[in-house]
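Notes to accompany the following structure.
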Amino acid sequence: MAGTWIFVEQRDGNIRKVTYEMLSEAKKFGDEVAAVVFGKGVEALAPEFAKYGADKVYVVEDDVFANYNTGAYVAQMVAMINEFKPNAVLFAHTFNGRDFGSRLAQKLQLGLATDAIAVELSAGKGLFTRAIYAGKALAKVEVAGEPVLGTIRPGVCEVGDVSGAGAVVKPAVAATAADVYQTVKSFVPTVSARPELTEADVVVSGGRGCKGPDGIKLVEQLADLLGAAVGGSRASIDSGWLGHELQVGQTGKVVNPNLYVAAGISGAIQHLAGMSSSKFIAAINTDTEAPIFNVSDFGVVADLFKVIPTLVSELKK
Amino acid sequence: MKVLVCVKQTFDTEAKIELKDGKIADAGINLIINPYDEVAVEGAIQLKEKGVAKEIVVVAAGSDKAMDAIRTALAMGADRGVLVQQDTAADEFARAVALADAIKAENPDIVLAGHVAADDGSSQVPTRVAEILGFPHINVITSIEVAGGKATCSSEADGGTQVTEVSLPAVISSQVSWNEPRYPSMKGIMAAKKKPVATVAAAAADNKVKIVEFSMPPAKAAGIKIEDEPEVCATKLAEWMKNTVKVELK
């Protein structure tokens with residue numbers, strides 16, 4: 001095999017954790033593991049990838065790669081695939097990664113497994129497990145090709161205790177400004193001190209039982225104590241208590257943190273689809289019959305307005 | 001300006017999924033327009049109401065059942081439909097080839113679609129269609145402005161909001177928070193029955209991805225459930241978080 005490539009997800013030099021997760025995971029298949037990073041001023045990041053298992057780091061620096069853009073990134077990747085012939089190229093299943101993977105796959109007339117929650121790679125073949133119907137069922141799919149292409153869901157692979165030589169390789173720049181067909185006018189980061197919902201170790205979500213902004217404030221208070229992301233069920237999003245980007249469920253985000261706390265969420269099937277793969281689930285709900293208790297490891301049948309303040313002070317002890 | 005909307009017929013998001021003979025059981029399951037595509041249809045209608053779009057064409061690929069998704073879009077306000085007859089087992093590659101072939105014949109200025117389907121969750125097809133057509137693409141949009149041969153859209157990107165501009169023709173795919181799709185009126189439903197829907201054969205393309213097996217996610221073991229005074233519940237929950245989950249405080 002000629003290597004597993006992990007495309008580095010970064011913005012302004014900030015590397016997303018999923019990159020490290022994929023590097024560690026790729027190491028399991030015995031093949032050489034390479035991080036592939038495009039950008040401006042990104043060579044300094046190379047030792048970071050070695051720490052997580054990269055045997056090689058392909059660094060491509062040019063103004064045209066300063067920010068992710070589909071045209072130039074695809075053109076560069078196609079040229080590098082033709083030159084170095086990797087066995088597999090994996091992307092993070094993110095806003096940019098799935099765009100990159102899909103467009104590249106079509107350009108190369110190849111299959112692609114998106115949003116995989118497990119992967120097994122061998123020569124010329126990848127077996128990917130995908131959550132379908134937002135996790136209500138699983139499909140194992142086979143992608144054959146040169147290279148095998150897939151996008152991996154953040155948070156499903158463990159960052160391992162592995163390292164690599166991290167030898168830097170600098171392929172020729174194969175894209176020009178003429179390849180760029182989108183103009184990014186602005187990127188405004190969500191102003192939040194909290195971690196990103198799909199990457200957080202702990203998620204605290206509020207639902208209809210929060211009854212309004214006051215209940216959500218309690219959810220946020222608990223989240224901040226735990227360094228958690230805040231999420232919500234459809235009821236709290238539709239009521240305008242939380243922004244849509246925080247919706248957990250079938251038409252929102254699928255999360256799989258170490259701990260998911262559902263406060264005042266009954267557990268409609270669409271919501272369960274988005275969070276039931278979390279490692280630990282705690283539920284606070286006044287309705288003892290609420291379906292959320294069927295998936296929770298620790299459920300308390302009580303009023304969140306009374307439980308959360310005590311929980312916060314007990315945790316602080 | 002002609003706006004084309006790709007729609008997919010999917011299971012109702014409230015459907016309970018079960019396996020039968022190793023496949024996803026579809027008996028008795030209510031079918032709906034993929035919620036993300038429904039938002040795209042609404043977005044197209046709003047462009048028409050603003051005078052930006054003149055005609056809205058709805059395209060679906062799949063079995064005859066997909067006709068229901070087309071009729072729903074027509075009842076909401078789209079003008080005519082195209083059903084691309086294709087095996088429902090088509091993968092993202094084959095589906096994109098078939099849709100792109102039908103779209104080419106229509107020569108639209110804007111192709112709208114949901115950014116992901118609520119069933120397979122692949123989020124590949126609109127991007128693949130854009131590649132085949134050689135169009136630029138903006139994903140996961142929550143707003144659109146069309147002027148001077150360009151589309152400018154806000155997208156829900158990871159960790160922020162991105163504003164992207166592309167020249168038309170382009171593929172634009174929607175996030176559910178873009179708008180609130182209207183319910184078809186009785187008048188709309190009646191009118192939809194008379195709107196033309198062409199049926200065409202899919203362009204030939206073989207699947208690239210093979211489904212090896214379907215399975216159900218591992219069932220969760222029953223957990224602890226406590227019914228007691230709130231303070232007692234909170235204390236026990238705190239102990240569990242500290243001792244079992246081993247949470248770290250900020």
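Source: prediction; values computed, not measured. Convention: sequence-line order gives letters A, B, ...; per-chain numbering from 1.
Nearest heavy-atom pair, A/Lys306 versus B/Pro230, reported as atom, atom and distance to 0.1 Å: CB-CB, 3.5 Å. Residues A/Ile281 and B/Trp240 come closest through the heavy atom pair O-CH2, 3.9 Å. Scanning all heavy atoms of the two residues, the minimum distance from B/Gln124 to A/Leu112 falls at NE2-O, 2.8 Å.
For the pair B/Glu227 (side chain) and A/Thr288 (backbone), a donor-acceptor distance under 3.5 Å is absent. At least one donor-acceptor pair closer than 3.5 Å links the side chain of A/Lys136 to the backbone N or O of B/Ala15. At distances below 3.5 Å, not a single donor-acceptor pair connects side-chain atoms of A/Tyr181 with backbone N or O atoms of B/Gly134. Side-chain atoms of A/Arg98 never come within 3.5 Å of backbone atoms of B/Ser122 as a donor-acceptor pair (strictly under, hydrogens ignored).
By the 4.0 Å N-to-carboxylate-O rule, B/Glu156 lies close enough to A/Lys253 to be salt-bridged with it. Here A/Arg11 does not pair with B/Asp158 in a salt bridge; the nearest charged N to carboxylate O distance is not below 4.0 Å.
Of the listed residues B/Ala118, B/Gly121, B/Pro218, the one with more heavy-atom pairs under 4.5 angstrom with chain A than any other is B/Ala118. Each of B/Val116, B/Leu249, B/Ile211 has some count of heavy-atom pairs under 4.5 Å with chain A, and the biggest count is that of B/Leu249. Comparing B/Lys16, B/Glu229, B/Lys208, B/Lys236 by heavy-atom pairs within less than 4.5 Å of chain A, the highest count is held by B/Lys208.
There is no contact between A/Val254 and chain B, counting heavy-atom distances below 4.5 Å. Contacts between A/Glu196 and chain B at a heavy-atom distance below 4.5 Å involve the side chain alone, from C-beta outward.
Applying the side-chain contact (heavy atoms from CB on, under 4.5 Å) test between B/Lys225 and each of A/Val300, A/Val301, A/Asn294 identifies A/Val301 as the sole match.
Side chains of A/Gln106 and B/Thr127: a donor-acceptor N/O pair is absent below 3.5 angstrom, by distance only.
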Fill in: side-chain hydrogen bond (donor to acceptor under 3.5 Å, both in side chains) between B/Glu231 and A/Thr310, worked out
CA-CA 6 Å; B/Glu231 291 71 24; A/Thr310 313; 4.6 Å; no
